[in-house]
Participant: 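Shown below is the structure under consideration.
Index from 1, following the sequence. Below, all heavy atoms of this structure are taken into account, side chains as well, without hydrogens, waters or symmetry copies.
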Amino acid sequence: MSGSMAMELSDANLQTLTEYLKKTLDPDPAIRRPAEKFLESVEGNQNYPLLLLTLLEKSQDNVIKVCASVTFKNYIKRNWRIVEDEPNKICEADRVAIKANIVHLMLSSPEQIQKQLSDAISIIGREDFPQKWPDLLTEMVNRFQSGDFHVINGVLRTAHSLFKRYRHEFKSNELWTEIKLVLDAFALPLTNLFKATIELCSTHANDASALRILFSSLILISKLFYSLNFQDLPEFFEDNMETWMNNFHTLLTLDNKLLQTDDEEEAGLLELLKSQICDNAALYAQKYDEEFQRYLPRFVTAIWNLLVTTGQEVKYDLLVSNAIQFLASVCERPHYKNLFEDQNTLTSICEKVIVPNMEFRAADEEAFEDNSEEYIRRDLEGSDIDTRRRAACDLVRGLCKFFEGPVTGIFSGYVNSMLQEYAKNPSVNWKHKDAAIYLVTSLASKAQTQKHGITQANELVNLTEFFVSHILPDLKSANVNEFPVLKADGIKYIMIFRNQVPKEHLLVSIPLLINHLQAESIVVHTYAAHALERLFTMRGPNNATLFTAAEIAPFVEILLTNLFKALTLPGSSENEYIMKAIMRSFSLLQEAIIPYIPTLITQLTQKLLAVSKNPSKPHFNHYMFEAICLSIRITCKANPAAVVNFEEALFLVFTEILQNDVQEFIPYVFQVMSLLLETHKNDIPSSYMALFPHLLQPVLWERTGNIPALVRLLQAFLERGSNTIASAAADKIPGLLGVFQKLIASKANDHQGFYLLNSIIEHMPPESVDQYRKQIFILLFQRLQSSRTTKFLKSFLVFINLYCIKYGALALQEIFDGIQPKMFGMVLEKIIIPEIQKVSGYVEKKICAVGITKLLTECPPMMDTEYTKLWTPLLQSLIGLFELPEDDTIPDEEHFIDIEDTPGYQTAFSQLAFAGKKEHDPVGQMVNNPKVHLAQSLHKLSTACPGRVPSMVSTSLNAEALQYLQGYLQEASVTLL
């Protein structure tokens with residue numbers, strides 16, 4: 001079972017696969033990892049996916065069935081999409097067999113497996129439907145007739161995962177054609193199914209188990225309604241609006257005792273269905289308000305009644321938040337303003353809907369304490385889409401659009417009375433203060449986002465005054481662990497209003513925030529780290545950071561100590577907010593951290609070693625590597641010799657990461673190594689040379705995420721140690737060129753191939769590459785013939801000009817004409833002259849200008865062979881490169897070559913900002929001003945052959961170009977003889 005061949009569909013192979021799947025469930029990484037690696041190694045073999053499907057259908061062991069279905073879905077997710085220039089991982093026979101069997105399999109599997117296969121179908125559908133899978137829809141619609149709701153729900157679930165992308169796609173003709181095709185096949189059967197299912201609900205009104213299945217169908221049907229109506233109002237649904245809206249309205253007001261659940265947490269079917277209907281109504285109210293107008297008032301009434309009668313339990317959260325979102329989307333449309341104008345209506349909305357849903361409930365308190373990660377994600381990152389609080393805030397903002405005055409008036413009263421309640425008995429009434437702070441932030445942040453620097457009078461409170469009287473006291477109290485929710489509120493207040501509260505107040509809060517890094521509550525110390533990070537990134541006048549290193553200097557030691565200590569608190573060992581704050585503190589404080597670096601780098605290295613065993617937090621890992629880079633940069637800027645200490649500290653861990661093939665970390669390791677190597681001034685230490693051969697191994701280059709980091713590391717080797725490579729590792733030069741050859745063949749990575757080639761040409765001793773030069777050019781020409789893209793052309797132009805600068809113009813002409821007679825002329829005429837305008841980037845343009853100047857003035861055949869007729873056009877194109885706007889047109893057929901948008905198929909490359917490379921100018925020493933350089937070179941040429949240059953210029957250069965040229969000659973104070 002290995003190698004790239006067919007695996008038989010035999011019992012032996014099914015048995016082997018079963019064993020390995022079992023091991024992938026083992027909690028011990030020593031057993032789990034090798035099993036995952038084995039499965040990865042055989043997944044390219046023919047029949048592998050069919051073996052998985054056989055297992056999930058026929059295995060006697062339910063755990064193996066589920067495991068096979070998850071493995072199959074992930075396999076499809078990784079490999080189904082065919083990416084240009086990458087090997088196609090699934091053979092055609094397997095693709096056909098999968099598509100022929102998967103719908104039937106999915107429909108006959110138990111629900112847990114049905115969900116996985118349904119996801120797999122939608123991934124395949126995303127690539128193959130409709131063109132390469134034309135019978136998918138008919139196969140699905142035909143199953144509606146079966147009358148078996150297990151099957152029908154399978155079809156609906158799959159249709160939902162297939163069509164839900166219509167909610168996020170940009171409009172395009174292609175998308176519209178696909179939706180039209182789906183509507184033609186699907187809209188009528190879906191509507192009939194909807195009506196039939198509703199009738200069945202009344203037939204089976206007393207049968208709880210039948211109702212559960214039917215309501216699951218209604219939920220899926222309502223979700224499909226949303227997807228199919230999202231892009232535009234389809235004619236079919238407009239004609240059948242009566243059917244859909246009347247039934248939706250009935251379902252909203254329906255209450256069936258049999259469907260009510262005792263569970264306080266989990267939403268029941270009734271709640272889920274009503275939530276989706278609220279979404280559907282909001283979609284129509286926002287997008288199709290004219291067509292929907294006559295239904296709107298009864299929906300507003302139904303949804304209002306729903307809100308006033310629904311309890312505070314968690315299971316109603318989604319329903320309540322969608323219902324409130326519906327009101328929010330309606331109240332800010334001018335069409336519907338009249339429904340809300342009455343002061344009593346506004347008062348009762350505030351009193352009955354907004355205030356109750358802003359309260360901090362027992363469930364919120366539980367999440368705050370026990371599920372802090374989820375709480376932070378909802379509260380800080382705005383993924384609190386379905387929380388009641390968030391919806392209530394949106395409704396406040398919606399109402400403020402037309403009724404700011406009255407709404408502000410109503411709420412000011414509430415805020416004051418809540419704060420008074422709190423003051424009476426803080427330890428019992430702290431939740432009142434929490435709600436008051438929440439109201440203040442929700443009302444004022446509307447002002448802040450839309451109008452920047454709104455006048456104080458219009459806000460609910462004076463923000464600075466509120467900060468001083470109600471926020472600071474909580475943060476100043478000696479005990480960082482009492483009232484954690486209020487502490488978190490206070491810290492969040494600083495974050496939200498950091499642009500409104502004056503700087504001197506923010507400075508006062510910095511030591512308080514540093515103090516709260518020691519709080520036991522995960523939410524509190526996380527918020528403290530996040531607030532510090534946000535404050536340290538604020539910009540003041542002239543774009544410098546608002547806080548200077550000098551202002552933070554008094555707190556350096558305690559800041560760094562508390563940040564690193566916070567990483568040892570329970571639940572925060574990989575807290576990305578803390579690590580980001582560490583990175584930001586380094587960046588702000590610069591040389592102030594140098595005395596602490598020896599201890600800090602030890603702590604960072606230990607952390608790196610620990611997380612490399614099982615990397616699970618990508619953001620945390622990214623900031624950790626950024627912090628390592630900053631330590632190196634800051635220290636070595638002051639003392640370059642210190643680089644050795646970093647190498648001692650880091651290389652052991654790096655070696656372990658490379659040996660264990662920790663894929664997520666390898667691109668980072670290469671970037672840090674590049675930074676270290678670039679710090680060495682003269683030669684390459686032997687520790688690096690030992691690694692050099694390993695960097696050329698093909699397996700490393702197969703992962704696209706490694707490529708940019710590896711190329712940069714090889715460039716660092718070439719810049720620092722080309723002589724060592726030429727003398728001690730000359731046998732590795734073919735391997736280096738092999739890498740170049742692989743990269744140049746890929747449209748996605750050809751520019752990386754040129755980075756490498758340019759470094760070879762610029763730094764390697766000429767004699768070490770002599771024997772390979774012709775082959776390099778032949779490879780480039782083959783690629784130009786097979787697929788010429790704008791990106792490739794631009795890189796090619798820069799390369800040939802760099803070559804010309806490095807080896808001389810004559811050498812360039814000779815190598816071209818050595819491949820094929822008169823080829824030099826063809827390159828000038830067909831590539832350089834017409835395309836040079838496409839080159840972009842300051843250094844790139846400069847290289848081309850200096851290279852072309854050499855061709856014009858240091859290449860004898862340009863003056864006295866049949867190439868002479870190209871001399872003036874070449875000069876003209878060079879003046880164009882200086883003076884004309886860049887040609888950034890891209891041919892139509894190339895617009896889709898963006899390979900960067902393939903999410904989740906491989907570890908993508910993540911650029912470390914603080915490992916950044918300085919832009920390198922290979923002609924910087926030689927030429928400062930390329931226009932003056934051209935004038936001087938032309939002058940020199942004209943002294944060698946008096947009379948010829950002026951006549952060539954005056955007879956065939958166009959007038960505008962001639963005028964520019966005279967300007968360059970004047971600037972250089974030279975004339976043409």
Side-chain angles (χ1 to χ4, degrees), residues 376 379-380 437 441 448 463-484 486-567 569 572 575-596 600 623 626-627 630 634:
I376 292 165
D379 192 42
L380 268 193
I437 298 176
T441 43
Q448 162 203 354
L463 290 174
T464 306
E465 218 169 273
F466 190 87
F467 175 73
V468 174
S469 330
H470 299 288
I471 302 291
L472 267 182
D474 285 348
L475 296 179
K476 279 184 170 163
S477 82
N479 180 355
V480 291
N481 292 319
E482 91 179 322
F483 302 141
L486 292 183
K487 302 265 200 233
D489 288 340
I491 297 172
K492 191 177 167 198
Y493 186 96
I494 296 176
M495 273 187 278
I496 293 180
F497 298 120
R498 61 183 185 277
N499 293 313
Q500 279 76 14
V501 172
K503 178 177 170 180
E504 60 272 20
H505 289 302
L506 296 177
L507 251 177
V508 171
S509 46
I510 284 176
L512 305 176
L513 292 170
I514 293 174
N515 201 19
H516 282 83
L517 290 167
Q518 301 181 72
E520 285 159 20
S521 156
I522 297 178
V523 178
V524 175
H525 63 241
T526 301
Y527 279 21
H530 188 47
L532 286 164
E533 192 272 328
R534 296 285 76 196
L535 293 178
F536 291 170
T537 34
M538 287 174 73
R539 298 276 157 194
N542 67 37
N543 210 23
T545 51
L546 179 65
F547 295 102
T548 61
E551 287 169 313
I552 309 299
F555 319 119
V556 173
E557 191 159 342
I558 182 81
L559 169 68
L560 296 172
T561 309
N562 285 3
L563 279 169
F564 276 93
K565 238 200 251 163
L567 288 175
L569 294 167
S572 276
N575 184 320
E576 66 187 66
Y577 292 98
I578 299 174
M579 192 48 89
K580 194 175 187 185
I582 289 174
M583 168 191 89
R584 196 67 68 196
S585 306
F586 285 10
S587 167
L588 177 73
L589 291 162
Q590 291 293 327
E591 48 278 6
I593 65 169
I594 292 178
Y596 309 98
L600 299 177
Y623 300 134
E626 292 280 22
L630 275 162
I634 293 167

Participant: Work out which heavy atom in Ile491 is nearest to a heavy atom in Ala531; give both atom names and the distance.
Facilitator: CG2-CB, 3.7 Å
Participant: Run the ring-centre check on Tyr493 versus Phe466 and record whether the distance is less than 6.0 Å.
Facilitator: yes
Participant: Would you sort out whether Thr545 and Arg539 count as a side-chain contact (heavy atoms from CB on, under 4.5 Å), showing the intermediate values?
Facilitator: CA-CA 4 Å; Thr545 51; Arg539 298 276 157 194; 3.8 Å; yes
Participant: Could you give all pairs that pass the salt bridge (charged side-chain N to carboxylate O under 4.0 Å, His left out) test and reach residues 504-516, with sequence neighbours left out?
Facilitator: none
Participant: Under the rule for salt bridge (Lys or Arg N to Asp or Glu O under 4.0 Å), what residues qualify as partners of Lys476, not counting sequence neighbours?
Facilitator: none
Participant: Just verifying a value: how many Å separate Ser585 OG and Asn562 CG, rounded to the nearest 0.5 Å?
Facilitator: 11.0 Å
Participant: Say you draw a straight line from CG of Leu463 to OG1 of Thr441; how long is it, rounded to the nearest 0.5 Å?
Facilitator: 10.0 Å
Participant: Mind jotting down which residue pairs meet the salt bridge (charged side-chain N to carboxylate O under 4.0 Å, His left out) criterion with at least one end in residues 514-531? Sequence neighbours excluded, please.
Facilitator: none
Participant: Can you tell me how far CD1 of Ile594 sits from CG of Leu600, rounded to the nearest 0.5 angstrom?
Facilitator: 11.5 Å
Participant: Nearest 0.5 Å, what's the NZ-CG distance between Lys487 and Leu513?
Facilitator: 11.5 Å
Participant: Just how far is it from atom CD1 of Ile634 to atom CD1 of Ile593, taken to the nearest 0.5 Å?
Facilitator: 4.0 Å
Participant: Name all pairs fulfilling the side chain to side chain donor-acceptor pair (under 3.5 Å) condition that reach into residues 523-537, sequence neighbours left out, sorted by first residue then second.
Facilitator: Asp379-Tyr527, His525-Ser572, Thr526-Asn575, Glu533-Arg584
Participant: When the side chains of residues 554-561 are checked against the rest of the protein, which donor-acceptor pairs come out under 3.5 Å, sequence neighbours left out?
Facilitator:
{"residue": "Glu557", "atom": "OE1", "partner": "Tyr596", "partner atom": "OH", "Å": "3.4"}
{"residue": "Thr561", "atom": "OG1", "partner": "Glu557", "partner atom": "O", "Å": "2.6"}

Participant: Quick one, Tyr623 with Ile582, criterion side-chain contact (heavy atoms from CB on, under 4.5 Å). Give me CA distance, side-chain angles, the key distance, then yes/no.
Facilitator: CA-CA 8 Å; Tyr623 300 134; Ile582 289 174; over 6 Å; no
Participant: Partners of Ser587 by side chain to side chain contact (heavy atoms under 4.5 Å, CB included), sequence neighbours excluded?
Facilitator: Leu630, Phe914
Participant: Looking at every heavy atom in both Tyr577 and Ala529, which two are closest together, and how far apart are they?
Facilitator: O-CB, 3.8 Å
Participant: Is there a side-chain contact between Leu546 and Arg498, using heavy atoms and a 4.5 Å cut-off?
Facilitator: no
Participant: Check step by step if side-chain contact (heavy atoms from CB on, under 4.5 Å) holds for Met538 and Asn499.
Facilitator: CA-CA 8 Å; Met538 287 174 73; Asn499 293 313; 3.5 Å; yes
Participant: Looking at side-chain heavy atoms only, is the closest gap between Ser477 and Glu482 below 4.5 Å?
Facilitator: yes
Participant: Looking only at heavy atoms, what is the nearest atom pair of Leu475 and Leu512, with distance?
Facilitator: O-CD2, 3.9 Å
Participant: Which residues satisfy the ring pair (Phe, Tyr, Trp, His ring centres under 6.0 Å) test with Phe547, sequence neighbours excluded?
Facilitator: none
Participant: Taking only residues two or more places apart in sequence, or in another chain, which ones meet Asp474 in a side-chain hydrogen bond (donor to acceptor under 3.5 Å, both in side chains)?
Facilitator: Lys433
Participant: CD1/Ile471 to CD/Glu465 distance, rounded to the nearest 0.5 angstrom?
Facilitator: 13.0 Å
Participant: Side chains of Phe536 and Ile510: does their closest heavy-atom pair fall under 4.5 Å?
Facilitator: yes
Participant: Going by the rule side-chain hydrogen bond (donor to acceptor under 3.5 Å, both in side chains), which residues pair with Lys580 if we only count those two or more places apart in sequence or in a different chain?
Facilitator: none
Participant: Sort and list the pairs that fulfil salt bridge (charged side-chain N to carboxylate O under 4.0 Å, His left out) and have at least one residue in residues 544-555, not counting sequence neighbours.
Facilitator: Lys503-Glu551
Participant: Taking only residues two or more places apart in sequence or in another chain, which ones pass side chain to side chain contact (heavy atoms under 4.5 Å, CB included) with Val480?
Facilitator: Asn515, His516, Ala519
Participant: Under the side-chain hydrogen bond (donor to acceptor under 3.5 Å, both in side chains) rule, collect the residues that match up with Ser469, sequence neighbours excluded.
Facilitator: none
Participant: Could you report the tightest heavy-atom contact between Leu517 and Leu569, atom names first, then the distance?
Facilitator: O-CD1, 3.6 Å
Participant: Between Thr464 and Val501, what is the shortest heavy-atom contact and its length?
Facilitator: OG1-CA, 4.3 Å
Participant: Any side-chain heavy atom of Met579 sitting closer than 4.5 Å to one from Leu567?
Facilitator: yes
